[in-house]
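Read the numbers this way: they start at 1 and go in the same order the structure lists the ligands and their atoms. Please read all numbers here as calculations on a predicted model, not as lab measurements. All residue numbers refer to positions in the sequence shown, counting from 1.
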Amino acid sequence: MLKGKRVIVTGASSGIGEQMAYHLAKMGSHILITARTEEKLKKVVAQCTHLGAASAHYIAGSMDNLTFAKQVVHKAENLFGGLDMLILNHIGHTYFGYFDGNVDHVRDLLKINFLSYATMTVAALPMLKISNGNIVVVSSVAGKIGLPLTVPYSTTKFALDGFFSSLRMEFIQQKTNVSITLCIISYIDTDSALKTVSGVIQQPAAPKEECALEIIKGGFLRKREVYYQYHATKIPLLLRDWAPEILQSLLLMNYNMDNFQRKEV
Ligand SMILES: NC(=O)C1=CN([C@@H]2O[C@H](COP(=O)(O)OP(=O)(O)OC[C@H]3O[C@@H](n4cnc5c(N)ncnc54)[C@H](OP(=O)(O)O)[C@@H]3O)[C@@H](O)[C@H]2O)C=CC1
Ligand SMILES: C[C@H](CCC(=O)O)[C@H]1CC[C@H]2[C@@H]3C(=O)C[C@@H]4C[C@H](O)CC[C@]4(C)[C@H]3CC[C@]12C
């Protein structure tokens with residue numbers, strides 16, 4: 001469905017982003033991936049080429065530098081002469097544990113998980129308007145519902161909802177034909193998530209390959225929101241406004257605090 005389309009995927013050196021790059025490669029897209037670790041990006045690009053990407057490139061750097069965030073978009077412009085889909089997926093390092101009072105960390109994480117997303121969107125918008133393209137924003141259940149042990153992370157994901165859901169409404173009023181898809185994702189079996197929460201979170205992790213495909217499909221189909229896995233995201237969201245105390249109790253039952261130790265993610 002994305003043959004020949006020009007796509008940026010951020011946070012694509014591992015996890016869900018890496019799997020999205022492989023799906024896009026199999027579909028025959030032109031791909032530009034980014035993350036900080038050049039060695040991993042090189043391997044992902046080689047695999048994308050092997051899988052049939054129309055072309056595959058990388059640019060390494062950190063999204064705590066907003067100048068770099070713009071450079072990624074400009075590189076796509078130079079390589080492809082335009083852009084059809086912007087997939088915003090990266091996250092910065094944080095901790096899985098009780099809020100430690102460090103507001104500087106919240107600010108730093110907002111820069112990586114939120115401000116860089118807004119910066120790339122602004123830079124890419126002229127190209128996406130020409131192609132009637134898609135913006136895909138990878139968020140989390142923790143970006144719709146307050147959960148314990150992820151205060152800084154959850155803050156940044158809620159910010160994405162505020163920014164992109166408002167922007168989507170303005171696009172409708174302004175007749176801007178660029179879709180915005182916010183992806184509400186539950187617990188996924190990426191190395192970083194398993195390392196961080198297994199033992200504490202009781203529910204099974206869903207497969208990253210399927211999750212990656214659902215995100216791409218949702219973006220291509222110009223859906224407002226993607227819910228993956230549906231039961232683990234949509235049902236809590238339905239309860240959120242109608243039965244918040246019941247939801248709270250159900251969610252807390254999911255945490256085995258006997259196994260809890262603060263971890264860096
Ligand atoms: N896994 C899960 O259970 C869930 C994940 N999600 C969301 O899915 C998305 C992907 O998560 P997941 O695949 O698990 O994460 P991973 O930890 O596997 O991947 C994170 C990616 O971001 C990159 N990254 C980290 N720091 C920076 C930085 N400062 N600048 C630029 N890139 C950076 C990493 O590469 P490098 O270190 O090389 O920079 C890596 O490519 C995220 O948006 C996450 O919030 C949502 C709900 C659940
Ligand atoms: C346990 C949560 C699901 C609750 C439910 O009943 O549905 C998980 C939903 C989102 C997860 C976190 C997340 O968004 C990704 C983080 C990123 C890192 O890779 C490490 C793990 C996360 C903190 C992860 C932890 C489990 C959830 C909170």
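Taking only nitrogen or oxygen atoms, main chain and side chain alike, N89 reaches within less than 3.5 Å of ligand 1. Distances between N or O atoms of D64 and those of ligand 1 include no value under 3.5 Å. The shortest N/O to N/O separation between S140 and ligand 1 does not fall below 3.5 Å. Taking distance alone, with nitrogen or oxygen atoms compared against 3.5 Å, A35 stays at or beyond that limit from ligand 1. Residue contacts with ligand 1: T37 is placed with a nitrogen or oxygen under 3.5 Å of a nitrogen or oxygen of the ligand (distance criterion only). Between I16 and ligand 1, at least one pair of N/O atoms sits closer than 3.5 Å.
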Which N or O atoms of ligand 2 sit under 3.5 Å from a protein N or O, and how far apart is each pair?
from     : atom 1 : to   : atom 2 : distance (Å)
ligand 2 : 6 (O)  : Q203 : OE1    : 3.1
ligand 2 : 6 (O)  : N254 : ND2    : 3.2
ligand 2 : 7 (O)  : A232 : O      : 3.4
ligand 2 : 14 (O) : S140 : OG     : 2.7
ligand 2 : 14 (O) : Y153 : OH     : 2.6
ligand 2 : 19 (O) : S192 : OG     : 3.1

Is there a side chain to side chain contact (heavy atoms under 4.5 Å, CB included) between V178 and L125 once you walk through the steps?
-> CA-CA 8 Å; V178 176; L125 206 48; 4.2 Å; yes
For side chain to side chain contact (heavy atoms under 4.5 Å, CB included), just list the numbers for M63 and M120, CA-CA rounded to whole Å, side-chain angles, deciding distance to a tenth of an Å, and then say yes or no.
-> CA-CA 10 Å; M63 290 291 178; M120 290 188 73; 3.6 Å; yes
Report the C-alpha separation of D64 and D108 in whole Å, then their side-chain angles, then the decisive distance to 0.1 Å, and conclude whether the side chain to side chain contact (heavy atoms under 4.5 Å, CB included) test is met.
-> CA-CA 7 Å; D64 65 359; D108 294 345; over 6 Å; no
Take H30 and K5, measure what side chain to side chain contact (heavy atoms under 4.5 Å, CB included) needs, and give me the verdict at the end.
-> CA-CA 6 Å; H30 294 278; K5 299 288 183 194; over 6 Å; no
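For atom 26 (N) of ligand 1, the nearest non-hydrogen atom of the protein is I91 O, 3.2 Å. The protein heavy atom nearest to atom 29 (N) of ligand 1 is S62 OG, 3.1 Å. Annotation: atom 14 (O) of ligand 1 to nearest protein heavy atom, T190 OG1, 2.8 Å. If you check which protein heavy atom lies closest to atom 7 (C) of ligand 1, you get V138 CG1, 3.7 Å. For atom 23 (C) of ligand 1, the nearest non-hydrogen atom of the protein is G11 CA, 3.9 Å. The single protein non-hydrogen atom nearest to atom 34 (C) of ligand 1 is S13 OG, 3.8 Å, given as residue, atom name and distance. In terms of protein heavy-atom proximity, atom 3 (O) of ligand 1 is nearest to I188 N, 2.9 Å. Atom 30 (N) of ligand 1 has its closest protein heavy atom at M63 N, 2.9 Å.
Remark: among candidates A193, S192, G15, the nearest residue to atom 17 (O) of ligand 1 is S192, based on non-hydrogen atoms. Closest heavy-atom approach to atom 6 (N) of ligand 1 among the candidates Y153, Y187, Y228: Y153. Proximity annotation for atom 27 (C) of ligand 1: of K40, M20, R36, H90, R36 comes nearest, heavy atoms only. Closest heavy-atom approach to atom 47 (C) of ligand 1 among the candidates V9, I185, V137, D191: I185.
With hydrophobic clusters built from ILVMFWY side chains whose heavy atoms lie under 4.5 angstrom apart, M20 shares a cluster with V45.
Proximity of a side-chain donor or acceptor of R240 to a complementary backbone N or O of K144 within less than 3.5 Å is detected. Judged purely by atom type and a 3.5 angstrom limit, Y117 has no side-chain atom pairing as donor or acceptor with the backbone of K111. A donor-acceptor pair under 3.5 Å is formed between the side chain of T233 and the backbone N or O of Y230. D189 places a side-chain N or O within donor-acceptor distance of the main-chain N or O of K208, the cut-off being under 3.5 Å. Here the side chain of T156 pairs a donor or acceptor atom with the backbone of Y153 at under 3.5 angstrom.
If you look at S186 next to ligand 1, the close heavy atoms, those under 4.0 Å, all belong to the backbone. Of the heavy atoms in S116, none comes closer than 4.0 Å to ligand 1. At a 4.0 Å heavy-atom cut-off, ligand 1 touches A12 through the backbone alone.
Aromatic rings of F171 and F164 (six-membered ring for Trp) have centroids beyond the 6.0 Å cut-off, not under it.
Heavy-atom minimum distance, Y95 versus P152: OH-CG, 3.6 Å. Looking at every heavy atom in both residues, H90 comes nearest to N113 through O-OD1, 4.4 Å. Closest of all the heavy-atom pairs between F158 and G146 is CZ-N, 4.0 Å.
Counting heavy atoms from C-beta outward, V106 and F99 have side chains that approach closer than 4.5 Å.
In this structure, S139 is part of the shell of residues with a heavy atom less than 4.0 angstrom from ligand 1. Put simply, part of K157 is less than 4.0 Å from ligand 1, judged by heavy atoms.
How far NZ of K70 is from OG1 of T119: 6.5 Å, rounded to the nearest 0.5 Å.
The aromatic rings of F260 and F96 sit perpendicular to each other, their planes meeting at more than 60°, with 30° as the lower class boundary.
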